[in-house]
Amino acid sequence: MDMTDSASRRTRIRVELGERSYPVDIGPGVRHSLAGTVERLGARRAAVVSARPDSWIPDCGVPTLVVRARDGEPDKTLGAVESLCREFVRFGLTRDDVVVSVGGGTTTDVVGLAAALFHRGVPVVHLPTSLLAQVDASVGGKTAVNTPEGKNLIGAYWQPSAVLCDTDYLETLPEREMLNGYGEIARCHFIGAGDLRGLPLPEQIAASVARKAWIVSADERDTGLRHLLNYGHTLGHALELATDFGLRHGEAVAIGTVFAGRLARALDRIDERRAAEHLEVVRHYGLPHELPEGVAPARLIELMRLDKKATSGLTFVLDGTDGAELVRDLPAAVVARTLAEMPRATA
């Protein structure tokens with residue numbers, strides 16, 4: 001599934017989906033292959049939606065519209081999608097052209113959904129500029145926006161035509177934004193990627209993407225195996241909403257991962273050593289592992305009931321003797337007790 005070019009220090013991973021298969025290129029300078037990618041697609045023009053400075057946007061090789069965007073959950077809305085689509089109309093974009101995203105995970109989600117909806121589907125190429133977007137959001141074709149009631153509740157599956165994960169983009173990221181991405185890398189430890197601690201960052205990115213690519217290739221639309229990718233996310237999404245996104249996504253997923261270990265232990269799915277390993281991995285990456293102050297367990301349970309996986313009762317992806325799996329209809333009392341036993345951060 002992957003091919004490493006040792007001379008250029010670049011890795012290519014393919015997401016195998018038949019005629020809709022696509023490459024994910026990882027390494028320094030891969031953004032400069034954008035023009036070749038656009039040419040391969042046969043696009044006559046490109047709409048680039050960028051949350052980054054002009055110097056970060058590579059040449060597309062065709063007439064290009066640049067639309068400004070902002071990363072962050074407040075702009076991850078249907079209103080933002082509509083605004084983009086209206087810009088595409090004014091530019092004269094057709095379904096034979098291409099949309100390009102340049103930004104973090106929220107930009108990737110919004111642009112991906114806009115591409116899925118405009119003319120019922122326009123090719124999209126992602127240039128993720130944050131660690132979070134490179135290891136997770138840009139790969140797999142899930143696009144979605146938030147509502148006040150929940151996270152990622154409105155979306156569509158729309159696979160990109162290519163993903164260019166340029167590791168040069170990561171050199172300017174602040175420490176907290178790097179931690180945000182490490183939250184997704186940490187959870188990969190428990191969904192079959194192996195122990196990524198101690199590996200160089202490009203190898204951690206490649207291993208995370210390779211694991212996701214394999215899962216998506218086997219289950220594109222969340223009918224079973226793909227649920228594994230939501231490890232730590234049920235509580236994570238609830239924490240994001242409960243803190244009004246004061247917690248970043250990767251930070252919340254890290255706390256959710258620790259909770260998933262404790263909940264699996266409370267249900268006798270794993271032993272104490274494996275439960276402790278959840279905390280050890282999260283702490284290795286310098287991620288938060290405690291519930292924030294002022295967030296009531298009852299509110300978190302209320303929000304977790306809105307999770308997309310929760311078709312009936314509380315539903316989590318949990319570790320077990322045969323690996324992680326989706327577990328439905330968990331007793332609310334066990335979830336509440338495990339939440340109450342979680343350590344709390346102090347001011």
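We count residues from 1, following the sequence as given.
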Any side-chain heavy-atom pair from [X] and [Y] closer than 4.5 angstrom?
{"X": "Arg197", "Y": "Val281", "value": "yes"}
{"X": "Pro343", "Y": "Leu291", "value": "no"}
{"X": "Ile13", "Y": "Trp214", "value": "no"}
{"X": "Val124", "Y": "Ser161", "value": "no"}
{"X": "Leu113", "Y": "Trp158", "value": "no"}
{"X": "Arg45", "Y": "Thr94", "value": "yes"}
{"X": "Leu153", "Y": "Asn146", "value": "no"}
{"X": "Val49", "Y": "Val102", "value": "no"}

[atom1]-[atom2] distance between [X] and [Y], expressed to the nearest 0.5 angstrom:
{"X": "Thr234", "Y": "Leu318", "atom1": "OG1", "atom2": "CG", "value": "8.0 Å"}
{"X": "Asp222", "Y": "Leu228", "atom1": "CG", "atom2": "CG", "value": "10.0 Å"}
{"X": "Cys165", "Y": "His126", "atom1": "SG", "atom2": "NE2", "value": "10.5 Å"}
{"X": "Phe316", "Y": "Thr338", "atom1": "CZ", "atom2": "OG1", "value": "9.0 Å"}
{"X": "Ile185", "Y": "Tyr285", "atom1": "CD1", "atom2": "OH", "value": "6.5 Å"}
{"X": "Glu290", "Y": "Arg344", "atom1": "CD", "atom2": "CZ", "value": "10.5 Å"}

Self-check item: Geometric cation-pi criterion, Arg31 with Tyr169: 6.0 Å, 45°
Solution: yes
Hey, is the main chain of [Y] close enough, under 3.5 Å, to the side chain of [X] for a donor-acceptor pair?
{"X": "Ser55", "Y": "Pro53", "answer": "no"}
{"X": "Arg269", "Y": "Asp319", "answer": "yes"}
{"X": "Asp166", "Y": "Val30", "answer": "yes"}
{"X": "Thr77", "Y": "Ala80", "answer": "yes"}
{"X": "Asp168", "Y": "Gly29", "answer": "yes"}
{"X": "Asn230", "Y": "His233", "answer": "no"}
{"X": "Arg265", "Y": "Ala260", "answer": "no"}
{"X": "Arg52", "Y": "Gly103", "answer": "no"}
{"X": "Thr64", "Y": "Cys60", "answer": "no"}
{"X": "Ser138", "Y": "Ala133", "answer": "yes"}

Applying the 4.5 Å side-chain criterion to the ILVMFWY set and letting contacts propagate, would [X] and [Y] be lumped into a single cluster?
{"X": "Ile57", "Y": "Leu84", "value": "no"}
{"X": "Ile215", "Y": "Leu17", "value": "yes"}
{"X": "Val122", "Y": "Leu65", "value": "yes"}
{"X": "Val15", "Y": "Leu164", "value": "no"}
{"X": "Val111", "Y": "Leu127", "value": "no"}

If you compare all heavy atoms of [X] against all heavy atoms of [Y], which two are closest, and at what distance to 0.1 Å?
{"X": "Ala46", "Y": "Val62", "value": "N-CG2, 3.8 Å"}
{"X": "Ser217", "Y": "Glu16", "value": "OG-N, 2.9 Å"}
{"X": "Thr243", "Y": "Pro292", "value": "CG2-CG, 3.9 Å"}
{"X": "Asp219", "Y": "Arg226", "value": "OD2-N, 2.7 Å"}
{"X": "Leu34", "Y": "Pro58", "value": "CD2-CG, 3.6 Å"}
{"X": "Gly150", "Y": "Leu241", "value": "CA-CD1, 3.7 Å"}

Count the heavy atoms of every other residue, nucleotide or ligand shown that sit under 6.0 Å from [atom1] of [X], and state whether that count exceeds 12.
{"X": "Arg86", "atom1": "CZ", "answer": "no"}
{"X": "Arg70", "atom1": "CZ", "answer": "no"}
{"X": "Arg176", "atom1": "CZ", "answer": "yes"}

Quiz prompt | Test side chain to side chain contact (heavy atoms under 4.5 Å, CB included) applied to Leu201 and Leu196, Thr167, Leu131, the passing residue | solution = Leu131
Self-check item: From CA spacing to verdict: side-chain contact (heavy atoms from CB on, under 4.5 Å), Arg10, Asp25
Solution: CA-CA 7 Å; Arg10 296 178 181 179; Asp25 290 340; over 6 Å; no
Pairing donors with acceptors under 3.5 angstrom, does anything connect the side chains of [X] and [Y]?
{"X": "Tyr157", "Y": "Glu220", "result": "no"}
{"X": "His227", "Y": "Glu325", "result": "no"}
{"X": "Glu251", "Y": "Asn180", "result": "no"}
{"X": "Glu280", "Y": "His289", "result": "no"}
{"X": "Glu277", "Y": "His189", "result": "yes"}

Practice problem: Go through the steps for Leu339 and Phe259 under the test side-chain contact (heavy atoms from CB on, under 4.5 Å), then give the verdict. | Solution: CA-CA 7 Å; Leu339 274 174; Phe259 175 74; 3.7 Å; yes
Practice problem: For side-chain hydrogen bond (donor to acceptor under 3.5 Å, both in side chains), just list the numbers for Glu73 and His249, CA-CA rounded to whole Å, side-chain angles, deciding distance to a tenth of an Å, and then say yes or no. | Solution: CA-CA 9 Å; Glu73 299 289 342; His249 177 71; 5.6 Å; no
Quiz item: Can a salt bridge be assigned to the pair Glu177 and Arg248 using a cut-off of 4.0 Å between side-chain N and carboxylate O?
Solution: yes
Exercise. Only one of Thr106, Asp71, Thr107, Asn152 passes side-chain hydrogen bond (donor to acceptor under 3.5 Å, both in side chains) with Lys76; say which it is.
Key: Asn152
Self-check item: salt bridge (Lys or Arg N to Asp or Glu O under 4.0 Å) between Arg187 and Asp136, worked out
Solution: CA-CA 11 Å; Arg187 72 86 163 86; Asp136 188 54; 3.2 Å; yes
Self-check item: Chi angles and distances behind the side-chain contact (heavy atoms from CB on, under 4.5 Å) call for Leu287, Thr257
Solution: CA-CA 11 Å; Leu287 289 155; Thr257 296; over 6 Å; no
Practice problem: Could you give me the CA-CA distance, side-chain angles and deciding distance for Tyr22 and Val24, then say whether side-chain contact (heavy atoms from CB on, under 4.5 Å) is met? | Solution: CA-CA 7 Å; Tyr22 57 92; Val24 181; 4.1 Å; yes
Exercise. Classify the ring geometry between Phe190 and His278 as parallel (under 30°), tilted (30 to 60°) or perpendicular (over 60°).
Key: parallel
Quiz item: How far apart are the C-alpha atoms of Glu272 and Arg262, what are their side-chain angles, what is the distance that settles it, and do they pass the salt bridge (Lys or Arg N to Asp or Glu O under 4.0 Å) test?
Solution: CA-CA 9 Å; Glu272 287 287 352; Arg262 295 174 73 110; over 6 Å; no
